[in-house]
Structures are given as structure tokens and as C-alpha cells.
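Data first, discussion second: the structure below is written as C-alpha cells.
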Amino acid sequence: MTHLQSLRGMVDLLPQVLLRWQAVEAAARIHFQRSGFGEIRTPLMEPTDLFCRGIGEATDVVGKEMYTFRDRGDRSCTLRPEGTASVVRAALQHGLLTQGPQKLWYAGPMFRYERPQAGRQRQFHQIGVEWLGASSPRSDVEVIALAWDFLASLGVGGLELQLNSLGSVDDRKAFRTALVGWLEQRVDQLDEDSCARLSTNPLRILDSKNKATQLLLESAPTLTESLSPESRSRFDAVQHGLTTLGIPFRLNHRLVRGLDYYCHTAFEITSDQLGAQATVCGGGRYDGLICQLGGVETPAVGWALGLERLLLVLEEASKAEPTGRASQLTRAPKPDAYLINRGFQAEQAALVLARALRSQGLTVELDSSGAAFGKQFKRADRCGARFALVLGDEEAGRDEVLIKPLLEKGDESTWAIDAISAMVDLLQSR
RNA sequence: GCGGGUGUCGCCAAGUGGUUAAGGCAGCGGCUUGUGGUGCCGCCAUCCGGGGGUUCGAAUCCCCUCAUCCGCCCCA
């Protein structure tokens, strides 16, 4: 209809919707701060090579989903498809890691050129956490708990934590060989997609949604079997830690994360309310990434959470439970006062009064229509203001203002227009 | 990139070949030009996502296109 429209897969966030966003972001800020994570903001655009090296050339994200273009200096630029590579780049660039381990979190838009569907957009938003320089299995546990508790604090239900270990780089290599060998004997039984992946990214075949392939995989060698004793005991320690914290999880030995940099712990938190894109949060350990991007060998764990998906789940939660925690996040703020005014002198006085009250922390809606009093009252009522303040020529002439409660019963009262603190007391009284 | 569904006012929604395109919500105006919430009255799509075509005649049929939704791939 309109010729000017937002690009496909890019959505506007309007004030009412943003109420929810802001609540979630505020909750995140507090939650991460408590665990000692500091916020980091990196550019939305990076040199293309960062992602090719960080995420892996063979991955779909790099292979077909990046927004890449050349700038006027003929540099290849890419709109970031995820946050981890950028965070690591920034940490290396500023020598953060020479000061010891870094606990960082970020929130912001990511870009992936994909076909939009439920819970998926081309510009979407992630909140993520990266703990660089953490090697203990306990850090895996802590980071997972950080995600789990954050979601719980928002009142999100119906979540499941799925856990797997990809083992060390060597374990993975060994398993890869074993799996490919096993699958090659059975190529004729594989679906088309899986066949293609056999040479590019065989581990991902485990994830296949193809029913026949899944059935076939029942008897395939498993990742767990090829774990070294060290990897095995590390995986046990992570599970033990989660159990200690009372965080329920389900082992899923098919869980393979899509990005190349993961090793050892891999996890996903899924929701039963999301349709096909059920993963709300995903992450794991990526001990090799920092080295790969030019730093010294440094272990790290982290995760990223899809904000749009989280908000989708929150919406369901607040529908199901209108008085629950999730619903409280979205209450629209009502003005404390609606300032009705009419007449030249009164309008000037109203401007001054509104500013004075706002500077005292009140939310004041100032009518600027000059319409009839009845009209202005109607608007005052409609916006849900608790009080109407009335300034007409009569009041202005006497340097007074009339205050009338709109929601509770009570009489109008007249106040000296400069009795700001007394008015504030009344307007804030409960 | 592939498959399927949908597209009528800001939102919900009737209409499926025949003169002026229901209705509801919201909005605006009035009854009520200094007092709101209820009520009543009025206004609010020459146009049916866009472009072509078929027809005496189309929102209704056909083609193309765009957008959107659901799924696949993949991921948060």
C-alpha cells in the first residue's frame, strides 16, 4: 500500500511493545551486574574476515546468511550475525585479557539474511554473556545458571535445558572420523541434506529433523562414547554442579551447536511455546576461538539469548497468567496528573507548572489543544491520569490551580500555584 | 534458496461477478462553548497490497509482482 516500507525481516518497535523490551533489558542489566558481568558494546559492523575466521567458513551463518558489502574504501564489511566474535575481537584489541579473566555481557541487534518466520527475523536482537579466561567446569555451571535464573526471574515457564558435551578438539576429530566412516557405509539411507553435510559439517547430521535419518542415527556412534576420560569427567562435573543448584536438565547427545568454535559443554534452553524455532538461549564453551582470532590460548564460555523469542514466550506467559510476573512487566505507566488549561494567561502558567512538577519526578501530561474544558477532561480520563489539574483564566488570575481526583473519590481542592511541594505530596499520596 | 497459507479503514472483520464496499473497536466532532468516565447523534476505505488481463460489469475469475504468516534449511 505504502511505497516506503521497512525492509523484509526488519521490524519497527513501537512504544507499547518497547515497554516489554525495556523491562527485560533492565532486568538483564541488574541480573548480570549481580554476578559481576560488565556490559560491553561493540560495533554492529565488523571486517568480514572476523566472522569467517571466528564462526567458520563451513557454517551456514557464514556461507549464506551474512549481510556483506564493500564500503567506499573497498573494505569488506559485514553486519554482525552474532556477538561472540566481536566481543573476543574487542577484548583482544584492547588487551583486556592481559588483565585477567573478563566477564562481559552485551545486548543488541544481529543480522542474518534468512527467510523470516515465527521467532526469526533478519534483524533480531540478542542478549549474551561471555566469560573469557574461565576454564573450570564450575564456570560452565555458573554461566548456565545465569541464563536459567534470568529466565526464571522473568516468570518464564515451560523451559527445558538440554545439555551435551562435544569433547575436546581431539575428541571431536576422533568422533568425526568415526561418524563419517559409519555414515559412509549407509549413504543410500541418508536424506539429501545430510548427504551434502557429510563432507562439510558431518556433526550437524546428528541434528537432522528428517525422520528416516533420525531412525538411522539411533544406532550410530555417539559423541559421548568418544569422549576422553578428561572430557568425560569435566562433563560429569558440569552435570554435578547443575544438580547441586537444582537446575533440571536433559542430556541430548544429538545436540550439536552450529558454530564451529564450540567444544565441551554445549547447551540450549528451549521453550514448548515457540513453534519451529524453539531455542530461546544457546551457548557453550569455546576454548579454541580466542587463539583462532590471534590471542593466546584462552578458555571461555558463554551464551546468547534471542530477545524476540524470549518476548514471544513472555507474551504467552502473561496471557496464561494475567497476574503473574511476566504480566507485570508490561504495565503501561499512567500519568500522575493531566494538566487542563485554557486561556492565554493560564496556558503560560500551565507550561511553568508542568515543568515544575516534572522536575519533582511526577509524570505530567500537559494538554496543548486549547480545547473546551469538557474535551480536555475527557482526554484526562482516557489517558488514565490519577488527577486533573485545572488552570483556567479564573485560577490563573488568582495564581491558583484546581486539583481534582479522577480515579478515587474525593473533592476538588484549590492550591496556590507555587505550592509545588504540597501539591507533589498530594499527587503522590496513595 | 525451497514448499504451503494469507493480503478489504489504525486494529478486528463481513462481502466469493452486478447500482453508493456491512459491522465492531479506536479516533474525531456534537448533544454538554469551565468539569471526565455512561448514553445518544454524526464523521471516518470513490476503494478492496501493487501491476496487468478476462468480462457489458470484479474486492470477488486468471497471470505477474510485493508483503506477511507457517514450515524446510539453519539458528537465538
Side-chain angles (χ1 to χ4, degrees), chain A residues 1-3 5-11 14 16 55 58-66 81-84 107-128 147 191-194 196-197 200-201 204-205 207-210 255-259 262 267-271 274-283 302-313 338 340-343 346 367 369-396 402-407 409 411-412:
Chain A
M1 175 182 267
T2 328
H3 283 281
Q5 244 184 302
S6 61
L7 254 16
R8 151 167 259 204
M10 313 260 171
V11 309
L14 305 179
Q16 223 190 335
I55 301 172
T59 61
D60 282 26
V61 170
V62 171
K64 57 181 205 195
E65 295 173 2
M66 295 205 301
E82 58 105 43
T84 303
M110 306 293 163
F111 303 83
R112 253 119 103 157
Y113 194 92
E114 296 181 274
R115 190 95 176 235
Q117 72 183 72
R120 189 162 79 192
Q121 296 160 198
R122 290 184 170 181
Q123 177 179 336
F124 63 105
H125 297 75
Q126 288 187 333
I127 295 182
D191 62 281
E192 210 178 310
D193 286 322
S194 298
R197 252 181 252 141
T200 55
N201 202 346
R204 292 222 50 88
I205 297 175
D207 250 2
S208 173
K209 282 181 192 168
N210 185 292
L255 177 68
V256 181
R257 317 251 47 246
L259 313 184
Y262 288 109
F267 75 95
E268 263 179 33
I269 299 175
T270 57
S271 165
L274 278 182
Q277 311 301 326
T279 303
V280 178
C281 177
W303 49 256
L305 172 158
L307 208 32
E308 282 84 357
R309 289 185 190 173
L310 169 57
L311 286 155
L312 245 33
V313 178
Y338 190 97
I340 291 167
N341 61 107
R342 185 161 152 84
D367 196 301
S369 67
F373 280 81
K375 205 89 277 145
Q376 295 195 42
F377 264 100
K378 197 164 277 185
R379 282 198 274 261
D381 184 63
R382 219 165 277 169
C383 79
R386 249 184 102 214
F387 291 93
L389 311 198
V390 184
L391 250 171
D393 287 331
E394 288 175 28
E395 291 82 6
L402 200 73
I403 299 186
K404 175 177 180 173
L406 292 176
L407 300 181
K409 46 184 177 286
D411 295 325
E412 304 181 344

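Here is how names work: the chains are called A, B, and so on, in the same order as the sequence lines, proteins then strands, and each is numbered from 1. All values below were derived from every heavy atom in this structure, side-chain atoms included, with hydrogens, water molecules and symmetry-related copies excluded.
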Which of rG1(B), rC73(B), rG34(B) is nearest the side chain of Y113(A)? It is rG1(B)
Any strand is fair game: report the nucleotide pairing with rA59(B) by Watson-Crick or G-U wobble, both distances under 3.5 Å, or none. none
Indicate, with a heavy-atom threshold strictly under 4.0 Å, whether E308(A) touches base, sugar-phosphate, or nothing. nothing
To the side chain of K404(A), which of rC73(B), rG36(B), rG34(B) is closest? rG36(B)
Whole-angstrom distance between rG36(B) and rC44(B), as gauged at atom P: 27 Å
Please figure out whether L7(A) or R309(A) has its closest RNA chain B nucleotide nearer the 5' end. L7(A)
Of the listed rG34(B), rG36(B), rA76(B), the closest approach to the K378(A) side chain comes from rG36(B)
Pi-cation contact, Y113(A) with R122(A) (under 6.0 Å, within 45°): yes
Do the side chain of E412(A) and the base of rU35(B) come within less than 3.5 angstrom through a donor-acceptor pair of N or O atoms? yes
Taking atom P in both rG4(B) and rC63(B), what distance in whole Å separates the two? 13 Å
Mind checking G119(A) for me? I need base, sugar-phosphate or nothing, with any heavy atom below 4.0 Å counting as a touch. base
Using the P atom as the point on both nucleotides, what is the distance between rG5(B) and rG52(B), in whole Å? 26 Å
From the candidates rC28(B), rG37(B), rC72(B), the one with an atom nearest any side-chain atom of R382(A) is rC28(B)
Which is true for E82(A) with a 4.0 Å heavy-atom rule: it touches a base, it touches only sugar-phosphate, or it touches nothing? nothing
Phosphate oxygens OP1/OP2 of rG37(B): is one of them under 4.0 Å from a side-chain N or O of R379(A)? no
Separation of rC73(B) P from E65(A) CD (nearest whole Å): 13 Å
Counting the atoms with a prime plus P, OP1 and OP2 as sugar-phosphate, which does R8(A) contact under 4.0 Å by heavy atoms, base, sugar-phosphate, or nothing? base
Take atom P in rU68(B) and the same atom in rA21(B), then report the distance between them in whole Å. 30 Å
Identify whether any heavy atom of G282(A) sits under 4.0 Å from a base atom; if not, whether one sits that close to sugar-phosphate; answer base, sugar-phosphate or nothing. sugar-phosphate
Contact class for A380(A) (heavy atom, under 4.0 Å): base, sugar-phosphate, or nothing? nothing
Side chain of R342(A) only, please: which of rG71(B), rU33(B), rU35(B) is the nearest? rU33(B)
Distance between P atoms of rA45(B) and rU35(B) (Å, rounded): 33 Å
Which part of the nucleic acid, if any, lies within contact of A118(A), taking any heavy atom under 4.0 Å across all strands shown: a base, the sugar-phosphate backbone alone, or nothing? sugar-phosphate
Check the geometry between F377(A) and rU35(B) and answer yes if their rings are stacked (centres below 5.5 Å, planes below 30°), otherwise no. yes
For I127(A), answer base if it contacts any base atom (sugar-phosphate contacts may also be present), sugar-phosphate if it contacts only those atoms, and nothing otherwise; contact means non-hydrogen atoms under 4.0 Å. nothing
Picking from rC69(B), rC73(B), rA76(B), the nucleotide nearest the side-chain atoms of Q117(A) would be rC73(B)
Just checking G9(A): base, sugar-phosphate only, or nothing, at a heavy-atom cut-off of under 4.0 Å? sugar-phosphate
Under-3.5 Å donor-acceptor pair between K375(A) side chain and rG36(B) base: no
Using atom C1' in both nucleotides, what's the gap between rC28(B) and rC48(B) to the nearest angstrom? 24 Å
Decide yes or no, distance alone: a donor-acceptor N/O pair under 3.5 angstrom between the base of rG71(B) and the side-chain of Q277(A). no
Can you check whether R115(A) has a side-chain N or O nearer than 4.0 Å to OP1 or OP2 of rA67(B)? no
